[in-house]
S.K.: 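Here you go, one structure.
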Amino acid sequence: MTITRRASLLAAPALLLAAQARAQAFPSRPIRMIVPYTPGGVSDITARLIAEPMAAALGQAVPVENRAGADGVIGTDVIAKSAPDGHTLGLVSVGHPVNAAFYRLPFDTVRDFTFLSMTTRTPLVMCAARSFGPSTPVEFVAHAKSQPAGRLTFAGTAGVVRLAPVLFAQRTGIEMTYVPYRGSTQAHPDLIAGRVDVMFDTVPAALPHIQAGTLKALATTGATRAPQLPDTPTLGEFLPGFEASTWGMVIGPANIPAPILTRLVSEVHSALRREDVLARHRTLGAEVVTSTPEQSRDFVQAEMEKWGAAARAAGITPQNAG
């Protein structure tokens with residue numbers, strides 16, 4: 001046995017003991033939960049719902065910090081550059097992988113993060129004005145193909161709300177023109193008035209207008225039908241494999257030590273299983289889901305590839321963030 005080999009074997013137990021000591025001492029101060037978006041969205045609400053039970057279990061406060069800007073890039077960059085000691089986490093959305101299609105990022109979407117667990121999944125709804133002729137995806141595609149290419153318009157804001165109709169158009173062989181809006185609130189009046197033809201919006205944002213009868217739902221985009229719209233088919237029923245959802249995920253900087261990561265994942269899962277947390281998410285139209293760190297990482301990678309391909313096919317190229 002060489003001296004180097006012998007030294008490595010002797011060092012291994014010491015390293016293990018050091019890792020165990022760090023895990024036993026964790027957490028030694030408050031754990032900040034960064035939400036890289038403005039207050040009030042599903043990601044922000046989820047972060048605040050799980051922060052309290054996590055704080056009680058860990059014996060340290062879990063303050064939520066909103067660090068919005070550049071579609072989440074600014075706050076996510078703070079997470080990436082934080083010390084990987086478990087004391088900084090974040091709650092991101094589908095915008096995390098989608099941003100790689102739109103921006104030149106100051107971090108690597110996968111390598112620079114530890115992925116703890118998914119938290120929620122929320123489908124989109126393909127909706128149009130009540131007066132719009134087509135009422136199903138099949139009718140919509142037939143109508144689109146009967147029109148001059150690009151005459152039909154879709155309202156989009158950012159991220160998956162913009163790319164879902166792009167993917168739909170690519171899968172069905174139709175062409176639509178993108179009309180940008182800053183948010184759903186700005187888009188809905190034009191959609192209701194028929195000044196723009198269709199929008200793929202989150203179910204919670206569009207549902208009040210659908211229930212009021214000013215918008216109609218042509219389809220939803222989840223793997224299964226949305227509980228709030230049980231009579232509305234999914235696009236997957238017409239286009240097998242089509243899915244486009246918003247979602248939430250707890251992340252941290254890369255290289256969080258395994259013992260600390262294991263404990264954090266356990267507490268995130270425990271908080272998400274609380275009945276009050278489940279009930280509140282039901283009112284938001286969001287399904288609570290959990291995953292392992294490995295499943296979470298693989299999911300982010302797949303989402304980045306999926307939406308990146310859709311963006312490239314549409315001629316979207318990354319720009320500087322902010």
Side-chain angles (χ1 to χ4, degrees), residues 38 40-45 93-94 120-147 150-169 171-172 174-239 242-247 279-287:
T38 56
V42 174
S43 296
D44 178 66
I45 293 170
S93 73
V94 64
T120 57
R121 183 166 47 218
T122 310
L124 306 178
V125 56
M126 179 184 183
C127 52
R130 177 58 60 181
S131 59
F132 187 65
S135 295
T136 70
V138 172
E139 293 175 357
F140 183 90
V141 171
H143 178 66
K145 290 184 175 180
S146 71
Q147 304 292 311
R151 174 169 291 182
L152 282 183
T153 56
F154 72 92
T157 53
V160 72
V161 172
R162 177 180 177 184
L163 289 181
V166 169
L167 184 61
F168 172 72
R171 288 284 305 274
T172 56
I174 65 174
E175 291 186 31
M176 296 189 292
T177 299
Y178 166 57
V179 181
Y181 291 87
R182 291 182 61 84
S184 295
T185 302
Q186 290 74 33
H188 288 159
D190 284 351
L191 187 64
I192 292 168
R195 289 187 287 270
V196 64
D197 295 306
V198 69
M199 183 176 187
F200 283 57
D201 204 359
T202 62
V203 169
L207 190 61
H209 299 291
I210 294 169
Q211 293 172 331
T214 54
L215 291 178
K216 61 181 175 182
L218 282 67
T220 55
T221 65
T224 59
R225 295 194 177 192
Q228 302 87 349
L229 298 166
D231 297 326
T232 302
T234 68
L235 279 179
E237 294 174 38
F238 300 91
L239 296 170
F242 188 100
E243 184 176 357
S245 297
T246 62
W247 45 261
R280 180 70 176 98
H281 281 101
R282 283 193 291 268
T283 69
L284 298 172
E287 174 192 8

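No hydrogens, no waters, no symmetry mates; every other heavy atom, side chains included, goes into these values.
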S.K.: Could you check whether any side-chain N or O of Ser245 sits under 3.5 Å from a backbone N or O of Gly222, counting only pairs where one atom can act as donor and the other as acceptor?
M.R.: no
S.K.: Is there a donor-acceptor pair closer than 3.5 Å between any side-chain N or O of Thr221 and the backbone N or O of Leu124?
M.R.: yes
S.K.: Within the structure provided, determine whether Leu229 and Leu207 are in side-chain contact (heavy-atom separation under 4.5 Å).
M.R.: yes
S.K.: For residues Ser93 and Thr246, determine if any side-chain heavy atom of one lies less than 4.5 Å from a side-chain heavy atom of the other.
M.R.: no
S.K.: Is the shortest heavy-atom distance from the side chain of Phe140 to the side chain of Ile174 under 4.5 Å?
M.R.: yes
S.K.: Any idea which heavy atoms bring Pro230 and Pro227 closest together, and the distance?
M.R.: CD-O, 3.3 Å
S.K.: As an exercise, state the distance from NE2 of His188 to CG of Leu215, rounded to the nearest 0.5 Å.
M.R.: 6.5 Å
S.K.: Is there side-chain contact between Thr234 and Phe242, with heavy atoms separated by less than 4.5 Å?
M.R.: no
S.K.: With sequence neighbours left out, write down each residue that passes side chain to side chain donor-acceptor pair (under 3.5 Å) with Ser135, or none if nothing qualifies.
M.R.: Lys216
S.K.: For the residue pair Asp44 and Gly40, what are the closest heavy atoms and their distance?
M.R.: OD2-N, 3.0 Å
S.K.: Is there a side-chain contact between Arg225 and Glu237, using heavy atoms and a 4.5 Å cut-off?
M.R.: yes
S.K.: Write down the atom of Leu284, the atom of Pro204, and the distance for their closest heavy-atom approach.
M.R.: O-CG, 2.7 Å
S.K.: Can you check whether His209's main-chain N or O pairs, donor with acceptor, with Thr214's side chain at less than 3.5 Å?
M.R.: yes
S.K.: If I compare all heavy atoms of Ala169 with all of Met176, which pair ends up nearest, and what's the gap?
M.R.: CB-CE, 4.3 Å
S.K.: As an exercise, state the distance from CG of Leu167 to CZ of Arg162, rounded to the nearest 0.5 Å.
M.R.: 14.0 Å
S.K.: Under the side-chain contact (heavy atoms from CB on, under 4.5 Å) criterion, do His143 and Leu152 qualify, and how do the steps go?
M.R.: CA-CA 9 Å; His143 178 66; Leu152 282 183; 4.0 Å; yes
S.K.: Could you tell me which non-hydrogen atom of Ala286 sits nearest to which non-hydrogen atom of Val42, and how far apart they are?
M.R.: CB-CG1, 4.4 Å
S.K.: Strictly distance-based, threshold 3.5 Å: is any side-chain N or O of Arg121 a donor or acceptor partner for the main-chain N or O of Glu287?
M.R.: no
S.K.: Rounded at 0.5 Å granularity, tell me how far CH2 in Trp247 sits from OG1 in Thr122.
M.R.: 11.5 Å
S.K.: Show every donor-acceptor pair shorter than 3.5 Å between a side-chain atom in residues 191-200 and any protein atom, with sequence neighbours excluded, or say none if there are none.
M.R.:
{"residue": "Arg195", "atom": "NE", "partner": "Asp190", "partner atom": "OD1", "Å": "2.8"}
{"residue": "Arg195", "atom": "NH2", "partner": "Asp190", "partner atom": "OD1", "Å": "2.8"}
{"residue": "Asp197", "atom": "OD2", "partner": "Thr153", "partner atom": "N", "Å": "2.8"}
{"residue": "Asp197", "atom": "OD2", "partner": "Thr153", "partner atom": "OG1", "Å": "3.3"}

S.K.: Excluding sequence neighbours, so at least two apart, what forms salt bridge (charged side-chain N to carboxylate O under 4.0 Å, His left out) with Arg280?
M.R.: none
S.K.: Atom CG in Asp201, atom OG1 in Thr157: separation rounded to 0.5 Å?
M.R.: 7.0 Å
